[in-house]
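A quick write-up on the structure given underneath.
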2 protein chains.
Amino acid sequence: MQTQIATASTSSASVKTSSRKQRELAKRETLILDTAQRILHERGYSHLTMDRIAEATEYSKGTIYNHFSSKEDLVCSLCCRSVSTLIDMFTRSAEYKGSSRERFSAIGIGYTLYHQVHPMTAQNIQIIKVNAVREKISDEKLNEMESLEQRITQIAIGVVNEAIACGDLAEEINPMASSIVFGVWSMYFGALMLERSDIPLEDLGFSPSIQLLWLNTQKFLDGYHWLPLSSDTDNEALFNKITSDLYANEIEILNNRNK
Amino acid sequence: MQTQIATASTSSASVKTSSRKQRELAKRETLILDTAQRILHERGYSHLTMDRIAEATEYSKGTIYNHFSSKEDLVCSLCCRSVSTLIDMFTRSAEYKGSSRERFSAIGIGYTLYHQVHPMTAQNIQIIKVNAVREKISDEKLNEMESLEQRITQIAIGVVNEAIACGDLAEEINPMASSIVFGVWSMYFGALMLERSDIPLEDLGFSPSIQLLWLNTQKFLDGYHWLPLSSDTDNEALFNKITSDLYANEIEILNNRNK
DNA sequence: CAATAATATGACGATGCGTCAAAAAATGTC
DNA sequence: GACATTTTTTGACGCATCGTCATATTATTG
């Protein structure tokens with residue numbers, strides 16, 4: 001008899017027993033995910049195999065498959081973890097003390113920095129966006145991911161709406177907030193995908209993308225007349241302020257890494 | 001003895017014979033690529049196998065491998081073909097009669113329409129940007145792709161430089177042209193990747209992306225003060241003018257398809 | 001037309017996925 | 001605690017697909 005490990009308990013057995021089991025299961029799932037992440041880090045995606053994960057975790061392949069319906073499902077779970085972390089980051093940024101525009105910009109910086117610190121995440125997200133890969137991910141996991149993406153999107157949309165509410169931004173077209181969010185999201189995501197895949201962007205004449213993204217975001221927001229305009233702002237100072245106020249950790253990590 | 005099929009003849013044999021062979025080889029390569037494209041279209045990427053291609057082309061697997069070092073190499077070749085077509089399209093757009101900004105916008109529309117007409121291409125490009133896939137593509141093919149990407153980028157950069165030259169755009173920062181091109185490229189590419197992978201963008205509250213991309217491009221260019229600003233322009237009329245002047249074919253195809 | 005070189009073929013080994021019958025462990029019953 | 005029943009784990013297995021390479025076939029040359 002094959003078993004399905006449900007995340008949410010539906011059994012009516014003793015609560016005590018069930019929750020202990022639940023905890024053990026959750027712990028094992030974390031172990032598997034951590035192990036997969038480690039393999040990914042050390043060997044790369046093409047060397048991530050279910051057998052290897054089984055061996056490294058000291059569980060059998062069947063047990064791994066009790067947690068994840070496929071390798072792709074597992075990678076999607078890794079992405080869900082990452083997006084959850086990003087949601088926390090976005091939430092912090094959205095509550096930043098500055099102007100609405102500064103808060104929105106802060107989210108963008110956070111997104112870039114997160115992916116600089118965790119390049120693997122960008123890889124994984126890229127992979128699970130491929131249709132041929134998606135086919136193999138369970139519906140549950142896809143739904144989970146979609147729901148996380150909705151949450152993260154809503155955070156950004158919320159900031160835009162605050163800007164409209166307080167008059168920093170005029171709502172000239174109908175779904176203003178989602179247009180803007182889609183614009184920057186696609187810009188950041190695209191930059192990530194182009195930079196990922198060690199494509200020689202520099203050979204094409206492009207400089208490191210953090211600065212470029214920052215600049216282009218400012219121009220984009222200027223285009224929407226989101227006040228205060230970048231021409232009335234010391235952009236470099238603002239960038240530095242946001243990073244040191246919100247992302248000191250990330251900057252620290254990146255600096256140490258470059259040593 | 002294994003053989004390599006070289007695109008450029010290096011043998012000193014009779015020119016006549018060599019070129020006939022060359023032609024036949026090229027023809028076969030086209031057949032293989034066409035067949036792969038057909039399979040991709042009919043069955044999807046996960047059903048594209050070398051055995052299937054061999055069977056469908058009525059050549060043996062070994063022969064297919066004489067043309068392409070791996071399945072991924074073959075898909076990369078398909079992408080190269082697509083980008084070549086796009087280069088032609090971009091060239092046409094760049095020579096459009098309108099203002100510099102209109103020409104630049106036209107390139108953007110062309111890019112979107114091309115991928116609407118050929119959704120497979122976006123898929124393929126997405127796939128070959130994944131590192132784990134790139135590993136399996138031959139260096140030659142990767143170089144070919146890079147060179148094509150350089151050419152296509154240069155077309156867009158050329159238009160920006162013309163705008164600077166004729167005063168439509170002020171060069172306020174150092175590598176102005178590449179910043180702008182990187183901005184829109186990442187925006188379009190990101191939108192493509194997000195839309196690709198039948199992710200329910202609409203569930204996230206986003207409308208169809210052509211209009212959104214058009215709008216966001218205009219805002220972005222406004223932010224850079226690329227004249228004439230969209231506030232001084234009838235944007236809808238401009239969009240329609242460009243599409244009917246340059247992309248009547250593509251629109252035709254899309255309209256027929258939606259019937 | 002025979003000798004030699006170039007090309008094509010498909011059987012083969014290797015890898016990795018996902019399954020499932022059987023073994024082991026846990027739980028329940030008296 | 002012993003036995004029955006359910007749950008969980010295990011890893012050998014079947015299958016698909018990749019890429020190779022010894023052999024067969026075809027083309028070229030003398």
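Lettering of chains follows the sequences in order, A, B, ..., and the numbering in each one begins at 1.
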* Asked: Looking only at atom types and distance, does a side-chain atom of Arg43(B) sit under 3.5 Å from a main-chain N or O of Leu48(B), one as donor and one as acceptor?
  -> no
* Results of ring-ring contact (aromatic ring centres under 6.0 Å, His included) for Tyr114(A) - residues two or more places apart only -> His118(A)
* **Glu135(B) CD - dG19(D) P separation (whole Å)** => 12 Å
* To do: Give a yes or no answer on whether the side chain of Thr85(A) reaches the backbone of Arg81(A) with a donor-acceptor pair at less than 3.5 Å.
  => yes
* Cys76(B) side, atom SG; Lys136(B) side, atom NZ - distance, nearest 0.5 Å -> 14.0 Å
* To do: Check the distance between dT20(D)'s P and Phe68(B)'s CZ and give it to me in whole angstrom.
  => 15 Å
* Asked: Rounded to whole angstrom units, what separation is found between the CD atom of Gln22(A) and the C1' atom of dT7(D)?
  -> 14 Å
* Closer than 4.0 Å, any side-chain N/O of Arg28(A) to the OP1 or OP2 of dT9(D)? -> yes
* Would you jot down, in residue-number order, the residues of residues 39-60 of chain A having a non-hydrogen atom under 4.0 Å from DNA chain D? => Tyr59(A), Ser60(A)
* To do: Round to a whole Å and report the spacing from CG of Asn66(B) to P of dA22(D).
  => 15 Å
* **Nucleotide nearest Thr63(B) (side chain, heavy atoms from C-beta), chosen from dC17(C), dA11(C), dA8(C)** => dA8(C)
* Asked: In whole angstrom, what separates Glu24(B)'s CD from dT26(D)'s P?
  -> 15 Å
* Asked: Rounded to whole angstroms, how far apart are NZ on Lys136(B) and C1' on dT15(C)?
  -> 11 Å
* To do: Nearest whole angstrom, please: distance from the C1' of dC12(C) to the OH of Tyr65(B).
  => 14 Å
* Quick one: label Ser70(A) by what it contacts on the DNA or RNA (base, sugar-phosphate, nothing), any heavy atom closer than 4.0 Å. => sugar-phosphate
* Structure fact -> note: Leu74(A), atom CG; dG16(C), atom C1'; distance rounded to Å ~ 15 Å
* dG18(C) base / Lys71(A) side chain donor-acceptor hit below 3.5 Å -> no
* Asked: Are any side-chain N or O atoms of Asn216(B) and backbone N or O atoms of Ser179(A), one a donor and one an acceptor, separated by less than 3.5 Å?
  -> yes
* Asked: If only atom types and distance count, is the side chain of Arg257(B) paired as donor or acceptor with the main-chain N or O of Val117(B) below 3.5 Å?
  -> yes
* Report the nucleotide, chosen from dG11(D), dA8(C), dG19(D), that has the shortest atom-to-atom distance to any side-chain atom of Lys61(B). => dG19(D)
* Counting only N and O atoms by type, is there a donor-acceptor contact under 3.5 Å from the side chain of Gln126(B) to the main-chain atoms of Lys129(A)? -> yes
